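Working notes for the structure below.
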2 protein chains.
Amino acid sequence: MRKNATRFVILGLLAEGPMTGYDIKKIIDIRFRYFWSESYGQIYPELKKLTKEGLLEHLPGEPDDGARQKKRYKITDEGKGAFAGWMSLPPEVERQRSEFLLKLYWAPWLSQRKISDFVGDFSRRHGKDLDILQRMESEMESIVDDHANHWWILRILRLGQRVNEVYLGWAKELLTEMEEREHD
Amino acid sequence: MRKNATRFVILGLLAEGPMTGYDIKKIIDIRFRYFWSESYGQIYPELKKLTKEGLLEHLPGEPDDGARQKKRYKITDEGKGAFAGWMSLPPEVERQRSEFLLKLYWAPWLSQRKISDFVGDFSRRHGKDLDILQRMESEMESIVDDHANHWWILRILRLGQRVNEVYLGWAKELLTEMEEREHD
DNA sequence: TTAGGCATGTAACCCGTTACATGATTTG
DNA sequence: CAAATCATGTAACGGGTTACATGCCTAA
């Protein structure tokens, strides 16, 4: 009754082609950065487990133990089946937590200065996110017909953009309202 | 080097007045529902620990062990200090995960029908969220001057509204685009 | 009287990060 | 040759959910 989405993210990426644990982490950090994350401490043990269960296999010619070298994994048919099974399940709604909004809720405990610092940090962070998403969109637009899922990736990127635009607009407004309020 | 925001949420709520673990959970589920969550399995043990550390105390006249009855906790001065200390720290950025977007990324594995079901669920969920946020906003607008933090709560609610509006608009557009694409 | 909400609590278990350890390869 | 990056892996630890156990009180 647990999620363990990690294993399915790994299977999904390996379904696009064989790669190493390091590659998987890199792709998640870049392509998925707005809606997913994993750590090595999750990825490597999970690769091992998936291999033992027969959902993955080492590529032949690669060391399967001993020497510390690149280890490329390939998904098996069983692995593809497991992935397809997970895909067809309704997506779990993850709990969301925002320490930023929590602290805004108790803003009267803080100085005006401190609050506007927090809001400023929030704003800058989402400004950067927006920049990255816009760059990713341009790239993706030029190769939208290359793969079946590029059309979908574009839609995901655009959602990310709109959300970040909302964050930015809201933060800017809030800073203005705070100033107006201070010398009323 | 760990977060443990749970204990500070508890301290923050108890700083508004004494209450039970049950009350704390209810408030988080209702007022914080768009940006925070806790389970009883976190709250009760944490209340115990905080009491042992002297940041909380049982209200006199309440059973401090034995009979299973209402147990109201009150924050101590030390507890207030700990809370203020946490408040002044820059908010941690929590990792965010969306299984929904992950599955959209691999949408070509699914039938058109399945995808639009997922998008439809997403849309309905955020439609409900938007309704609730709008109702909370009306309530809050009528009592905005009652407490120092009501002004802030209003801003938080409005951010939630805008984000949910973006989700809804995006989902509607996506469903339209999917239909256009199907009979091209 | 019974269903539902109030109310507290624990144990098992998994999730996930962090810190640490190790070493190869590439590039300035 | 040194630094950065590639690359794999484990152990410890805390975070957090879920399932379970218990029992009171109140309204239909």
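All chains are named by letter (A, B, ...) in the order of the sequence lines, taking the proteins before the strands, and each is independently numbered beginning at 1. Here the structure is a predicted model, which means the values were calculated and not measured.
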Original post:
In whole angstroms, how far is the P atom of C:dA7 from the CG atom of B:Leu59?
Top reply: 14 Å
Subject >> 5' precedence on DNA chain C between B:Tyr44 and A:Glu38 (nearest-nucleotide basis) >> reply: B:Tyr44
**OP:** Would you mind classifying the nucleic acid contact of A:Gly21 as base, sugar-phosphate or nothing, using non-hydrogen atoms under 4.0 angstrom?
**Re:** sugar-phosphate
**OP:** Find the distance B:Leu50:CG to C:dG9:P and express it as a whole number of Å.
**Re:** 13 Å
Original post:
Any sub-3.5 Å donor-acceptor pair from A:Ser37's side-chain atoms to B:Arg95's backbone N or O?
Top reply: no
**OP:** Please say whether more than 12 non-hydrogen atoms of neighbouring residues, nucleotides or ligands are located less than 6.0 Å from CZ in A:Arg113.
**Re:** no
Subject >> Shortest side-chain distance from A:Ser39, nucleotide among C:dT8, C:dT17, D:dT18 >> reply: C:dT17
Subject >> Proximity to the side chain of B:Tyr22 - top-ranked nucleotide from C:dG9, D:dG9, C:dG5 >> reply: C:dG5
Original post:
So which of residues 83-97 of chain A are in contact with DNA chain D, with a heavy-atom cut-off of under 4.0 Å?
Top reply: A:Arg95, A:Arg97
**OP:** Output the single nucleotide from C:dG9, C:dA7, D:dT8 whose closest atom is nearest the side chain of A:Tyr40.
**Re:** D:dT8
Original post:
Hey, what else clusters with A:Leu168 if you join Ile, Leu, Val, Met, Phe, Trp, Tyr whenever side-chain heavy atoms sit under 4.5 Å?
Top reply: A:Leu130
Original post:
Quick one: A:Ile27 CD1 to D:dC6 P, roughly how many Å, whole number?
Top reply: 13 Å
Anything under 3.5 Å between a donor and an acceptor, one on a side chain of residues 120-129 of chain A, the other on a protein residue two or more places apart or in another chain? List them.
unit_1	atom_1	unit_2	atom_2	d
A:Asp121	OD1	A:Arg124	NH2	2.9
A:His126	ND1	A:Asn164	OD1	2.8

**OP:** Can you tell me which residue pairs pass the salt bridge (charged side-chain N to carboxylate O under 4.0 Å, His left out) test with a partner in residues 163-176 of chain A, sequence neighbours excluded?
**Re:** A:Glu173-B:Arg162
Original post:
B:Gln42 has an atom CD; how far is it from atom P of D:dG16, in whole Å?
Top reply: 5 Å
Subject >> Co-members of B:Ile30 in a cluster of I, L, V, M, F, W and Y side chains, linked at under 4.5 Å >> reply: none
Kindly list each side-chain donor-acceptor pair under 3.5 angstrom involving residues 77-91 of chain A, sequence neighbours excluded, with atom names and distances?
unit_1	atom_1	unit_2	atom_2	d
A:Ser88	OG	A:Gly85	O	3.0

Original post:
Using a cut-off of less than 4.0 Å, is there contact between a side-chain N or O of A:Thr6 and OP1 or OP2 of C:dG16?
Top reply: yes
Original post:
For the pair made of NZ in A:Lys26 and P in D:dT5, what is the distance, rounded to whole Å?
Top reply: 12 Å
**OP:** Would you mind reading off the bend of the helix from C:dT1-D:dA28 to C:dG28-D:dC1 from its two end axes, five pairs each, to 10 degrees?
**Re:** 30°
Subject >> Sequence-distant partners of B:Arg158, side-chain hydrogen bond (donor to acceptor under 3.5 Å, both in side chains), two or more places apart >> reply: B:Glu137, B:Glu141
Original post:
Which whole-number value in Å describes the distance from B:Glu46 CD to D:dT17 C1'?
Top reply: 15 Å
Subject >> Nucleotide of D:dT10, C:dG9, D:dG16 approaching B:Lys48 most closely (side-chain heavy atoms) >> reply: C:dG9
All N/O donor-acceptor pairs, side-chain side in residues 144-153 of chain B, below 3.5 Å, sequence neighbours left out:
unit_1	atom_1	unit_2	atom_2	d
B:Asn149	ND2	A:Tyr105	O	3.3
B:His150	ND1	B:Ile143	O	2.7

